[in-house]
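As the structure is a computational prediction, the values presented were derived from the model and not from experiment. Chain letters run A, B, ... following the sequence lines, proteins first and then strands; every chain starts at 1.
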There are 2 protein chains.
Amino acid sequence: MQTVTLRDVAQAAGVSPATASRVLSGNPATSAVAREKVQAAAAQLGFSPNAQARSLRSTRTDSIALLISDVRNPYFADLAHSVELAARELGLVTFIGNANEDPEQQDEFLGAMLSRRVDGVLAVPQGLGDASHATATPALERLLARRIPTVLVDRTLPEVPALSVTAESTQAVHDAVGALHELGHRRIAVIGGPEHTSTAQERYASYAAALQAHGLPLDERLIFHGDFRSATGAEGARWLLDLRQDPETCPTAVLIADSPMAIGALAVLREAGVRVGTDLSVVTFDEIEAFALHDPPLSTISHDVGAMGRLAVEALASLLNGEAAVSAETAGAAVGSSVLRSEFTLRGSIGPAPGAPTAAPTPTPTTVKTTPPGPPPAT
Amino acid sequence: MQTVTLRDVAQAAGVSPATASRVLSGNPATSAVAREKVQAAAAQLGFSPNAQARSLRSTRTDSIALLISDVRNPYFADLAHSVELAARELGLVTFIGNANEDPEQQDEFLGAMLSRRVDGVLAVPQGLGDASHATATPALERLLARRIPTVLVDRTLPEVPALSVTAESTQAVHDAVGALHELGHRRIAVIGGPEHTSTAQERYASYAAALQAHGLPLDERLIFHGDFRSATGAEGARWLLDLRQDPETCPTAVLIADSPMAIGALAVLREAGVRVGTDLSVVTFDEIEAFALHDPPLSTISHDVGAMGRLAVEALASLLNGEAAVSAETAGAAVGSSVLRSEFTLRGSIGPAPGAPTAAPTPTPTTVKTTPPGPPPAT
DNA sequence: TTGTACGCGTTATCAT
DNA sequence: ATGATAACGCGTACAA
């Protein structure tokens, strides 16, 4: 691991370290001769600049960190992909870190990135409070205290003043519940996310609002709290099967708050012989490629993850350029956040409610976009 | 972004920078008083050591890089997860990078990691040769030239002497083809991977060997070359549908070389009304959670990704400790590599060949493990 | 046990 | 256009 330094290159090229540095970092104040000699020497010696030393002087590292909450969730994989692409466009390298839905792991990664002086951070944050209003973890606090350009993505922490890019689903859930209602569904269950995340909260709230708007009662017994991972989706499905034993509470439809839970739940339902779209209508949040495996096609509530990633990078870039320094001053909660709108897509996993008295003919609600399933285009 | 330095901490604690440094890096030569004062000051000021400066002197960074070829491939997401866990166990932070199946993007990431002086690198490598024997990209070459501890995971590059952890599937494919053969299948198609990857090569070779072992002819017309991504899986399925028009070449079964291609292909097949397991038997490589969405359950050829990740981290750790320095000396090809064995799992996506004369009763091959489908346990 | 001084590899500044 | 020199933040040999 003998290190080739700038001095070595300079010496080999017969110039001073300063000149070598200028050539290699594209400083225009160089002669053609010097340029050639230095570049040849660098190539010959296999020189790669020591970024540590470099950014020790220049403070820029041309890299950002992306903290996601679960690598194995396809939704976040998609997010990572779009962030990386957008960042690359701007000449930034992205370091992906996985919090694994664990505040400690989040802080380890953030700490490491903090030490490495990344130019900025994109984070799907883990909060710290057990209950309703989660606060920032220590590393996150330091990040903000140090005024390191930071943008929260997908989720927010209510008490943390930071730029954010999120999605909201009130209208979409309203549409979904409306479609179900028209088909005769009256008891719509939810397999939801962990209550300490803003996304889960938002989805519960949209659900409650939609029920009310359609004149349906909110029944706490129809709500299952999962953790956004497949195992609890499966649990939720078993809970649902139990619920269906009792004709009084028996739900005829279910909303599932993310794709891993949907995968877990649908596997259990199929094993139990429940026919999706006939015995039970299903709407799931997020839209991932693997949903193409399911028959009937799944009705979804989703937003454009690619757009979310790009927006987040844009927001971060503007912070990096010091543009939005003002908004960082703004006290209070959400600071200059962008919100994407989710959309409801009606597909075959929704059908007439089993016990309903001759439901409406065919489900053709006009407010709702109907997209054919099938493999999405390549990128 | 005012930086809190060690000097600031020292000053606040009323000691010299040296003492502060000693305290914060756990040097035993410190007094209890100093320790307390320094730690208090550090906490108070929110000091986080500048890793750049630190490793400029000390060379260890307690971090490794993991380069994967496609974040959106669930198989690699699983790999990333297991690597991260194993590394964490050893006190190492993992930086995940995405090559996106693109040598250039690989080199950008590797270059950045090289500059950041990670202690070691785990890589699912992109090769450079267009055809049969791919060689290392420039960044990969430098990595090895600099003798930075490196382990190739999942794939190898034939010409690159490096430790590797891979899987092999000869026996598993033999079992799969055997099961199909018993059920009367004679024309088994393949939707394979890009020929420049070692995994795709290995799978083609296993396929050819298995055909021969079961007395079936190798027909080039039954082989489709994809690129491990879903779009080409869909293409492959369309190609397969065409092939089925001609009764002479019509395949009754297909092997798909990875899960994204399987997702793409199965969506097309379903849309075309082809009944998997009845009209067409399907075996797919890799085993991902989302496969639980498919009915009938998919027969798979897969290995333990978790184990692969752990093995890779172990191998890297031994290099970090200088243990395997010897093997790095060994000239020639594969150096001290581990190879995992894939297994075939028979499930409902396989059935009797449509045109076959009263096939064997029920498929109960003794050499084959039969696992019920369903959601895997949580982690 | 503690402080002083130097160097890690690079770039910015100031001369020339 | 180029070179000498200082400084980035930290660890450590050496002296005290």
What is the distance from CZ of A/Phe47 to P of C/dT10, rounded to the nearest Å? 4 Å
For B/Ser25 and B/Asn27, indicate whether the former's side chain and the latter's backbone hold a donor-acceptor pair under 3.5 Å. no
Counting the atoms with a prime plus P, OP1 and OP2 as sugar-phosphate, which does B/Ser21 contact under 4.0 Å by heavy atoms, base, sugar-phosphate, or nothing? base
May I have the distance from A/Arg35 (atom CZ) to D/dT2 (atom P), rounded to whole angstrom? 9 Å
Whole-Å gap separating C1' (D/dA1) and CG (A/Asn27): 10 Å
So, the side chain of B/Asn100 versus the backbone of B/Asp102: is there a donor-acceptor pair under 3.5 Å, distance only? no
Nearest to side-chain heavy atoms of B/Ser31, which nucleotide of D/dC10, C/dT11, C/dT2: C/dT2
So, is B/Ser16 close to the C/dG3 phosphate, meaning a side-chain N or O under 4.0 Å from OP1 or OP2? yes
Nearest to side-chain heavy atoms of A/Arg57, which nucleotide of C/dG3, C/dG9, D/dT2: C/dG9
Test item: side-chain donor near acceptor, B/Thr197 and B/Arg155, under 3.5 Å: no
Round to the nearest Å and state the distance from B/Arg22 atom CZ to D/dT12 atom P. 10 Å
Out of C/dT11, D/dT12, D/dG3, which has the shortest distance to the side chain of A/Arg54? C/dT11
Checking all strands, does B/Thr30 fall into the base, sugar-phosphate, or nothing category for heavy-atom contacts under 4.0 angstrom? sugar-phosphate
Given atom CG of A/Leu6 and atom P of D/dT2, what is their separation to the nearest angstrom? 14 Å
Which part of the nucleic acid, if any, lies within reach of B/Pro17 when heavy atoms closer than 4.0 Å are counted: base, sugar-phosphate only, or nothing? nothing
A/Asp107 side chain to A/Ala139 backbone, donor-acceptor under 3.5 Å: yes
For atom CG of B/Asn50 and atom C1' of D/dA7, their distance in whole Å: 14 Å
Side-chain donor or acceptor of B/Arg142 paired with backbone N/O of A/Gly46 under 3.5 Å: no
Distance-only, no hydrogens or angles: does the A/Arg117 side chain make a donor-acceptor pair with backbone N or O of A/Thr61 under 3.5 Å? no
For the side chain of A/Val15, starting at C-beta, report the closest nucleotide among D/dG3, C/dT4, C/dT2. D/dG3
May I have the distance from B/Leu24 (atom CG) to D/dG11 (atom C1'), rounded to whole angstrom? 12 Å
Just how large is the angle between the end axes of the helix from C/dT1-D/dA16 to C/dT16-D/dA1, five pairs per end, to 10 degrees? 40°
Closest to the A/Thr5 side chain, choosing from C/dT2, D/dG11, C/dG9: C/dG9
Rounded to whole Å, the CZ-C1' distance (A/Arg116 to D/dC10) equals 15 Å
Would a distance-only check, ignoring hydrogens and angles, find a side-chain to backbone donor-acceptor pair under 3.5 Å from B/Ser21 to B/Pro17? no
